[in-house]
Amino acid sequence: METVENFNKLNSIKRNEPLALIPTMGNLHLGHLSLIRHAKELNLSTIVSIFINPLQFGPSEDFSKYPRTLEADLDLLIKEDCDFVFIPDDKELLHDIKNLKAPLNNFLCGKSRPGHFDGVLTIVNRFIEVIKPEFCIFGQKDFQQQLIIKEHLKKINSNTRLLTHPIVRDKNGLALSSRNGFLSKPRREEAAKIYSYLKEISEHIFNYDQDEEKFLEYIKTLKDLYQKKFSEEGFEIDYLELVNALSLESLKIEDKKILIAVAVNYAGVRLIDNICLTRSIS
Ligand code: PAF
């Protein structure tokens with residue numbers, strides 16, 4: 001694996017196959033590694049960036065606490081046979097950066113973390129400008145993030161194509177996240193309830209066979225019921241939403257692709273998860 005620390009070296013890397021960028025903030029886990037494996041299955045060369053992006057953290061968020069585990073990350077990348085790791089210098093990367101405004105920002109995490117997606121988009125756009133990868137790969141756990149980047153790439157007519165990969169979960173169902181490391185083992189077990197509830201909601205929607213006209217009412221009832229269940233289990237809900245999975249807007253009766261998304265605080269840790277499902281409407 002070749003380490004790249006500046007733009008000069010980036011320009012001189014040998015590209016034998018099309019290149020896939022996997023942007024990360026380090027503290028790598030199986031979720032990240034699955035993105036590398038996905039790229040390898042597609043015969044792509046891989047470049048993983050490791051950069052804890054200050055632009056995407058709000059003033060009261062956990063930037064300084066964010067786990068920094070570079071040595072372990074590099075070991076994992078070598079084991080995965082990653083081709084390049086890009087560890088940019090803050091000054092070079094952020095110099096004269098074009099601050100972007102993220103689309104689809106008025107929903108879900110965008111509402112509760114003002115400026116977060118602007119920061120994400122600004123940095124990812126910078127990576128794409130300097131690396132010029134054929135592909136970039138994002139996990140679906142950050143569903144809104146990948147949708148925002150996809151929308152942006154379309155808008156600027158980028159040559160970089162976005163690929164996604166399903167959420168990777170712990171055996172108990174908890175979606176893998178660097179923030180899980182802030183939870184004790186028993187708390188991680190309890191947090192698996194998040195996915196159980198999402199699955200229950202999606203099964204209810206899937207099995208809905210009542211009057212179509214009443215579907216939206218049913219969705220509202222489901223949402224109220226599960227908000228209550230989450231609270232009763234000690235989850236402090238930021239949002240639980242059932243929305244159109246393409247636009248993130250409120251559901252309409254005719255919508256087929258539905259996103260069930262949740263963000264909670266549990267034991268002081270922000271956790272997000274989602275299920276995306278397709279309804280067949282007769
Ligand atoms: O998903 C993340 O880890 C970050 O938001 C990303 C895409 C690496 C941008 O800093």
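Residues: numbered from 1 along the sequence shown. Counting starts at 1 for both ligands and their atoms, in listed order.
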Between Tyr197 and Tyr226, how do the two ring planes meet: parallel, tilted or perpendicular, split at 30° and 60°? perpendicular

Check the pair Lys79, Asp75 against salt bridge (Lys or Arg N to Asp or Glu O under 4.0 Å), reporting the backbone distance first and the verdict last. CA-CA 6 Å; Lys79 282 200 193 101; Asp75 283 349; 5.7 Å; no

Shortest protein contact, [atom] (heavy atom only):
{"atom": "atom 3 (O) of ligand 1", "value": "Met25 CG, 3.8 Å"}
{"atom": "atom 6 (C) of ligand 1", "value": "Gln56 OE1, 4.2 Å"}
{"atom": "atom 1 (O) of ligand 1", "value": "Gln145 NE2, 2.9 Å"}

May I ask you to list the atoms of ligand 1 that are less than 4.0 angstrom from any heavy atom of Ile123? 9 (C), 10 (O)

Under a 4.0 angstrom heavy-atom cut-off, which atoms of ligand 1 come close to Pro23? 8 (C)

Thr24-ligand 1 polar pair, N/O distance under 3.5 Å: no

Hey, does the Lys NZ or Arg CZ of Lys65 hover above the aromatic six-ring of Phe182, less than 6.0 Å from the centre and inside 45° of the axis? yes

Of all heavy-atom pairs linking Lys9 and Asn6, the shortest is N-OD1, 2.8 Å

Counting neighbours of NZ on Lys150 that are heavy atoms of other residues, nucleotides or ligands and sit closer than 6.0 Å, is the number greater than 12? no

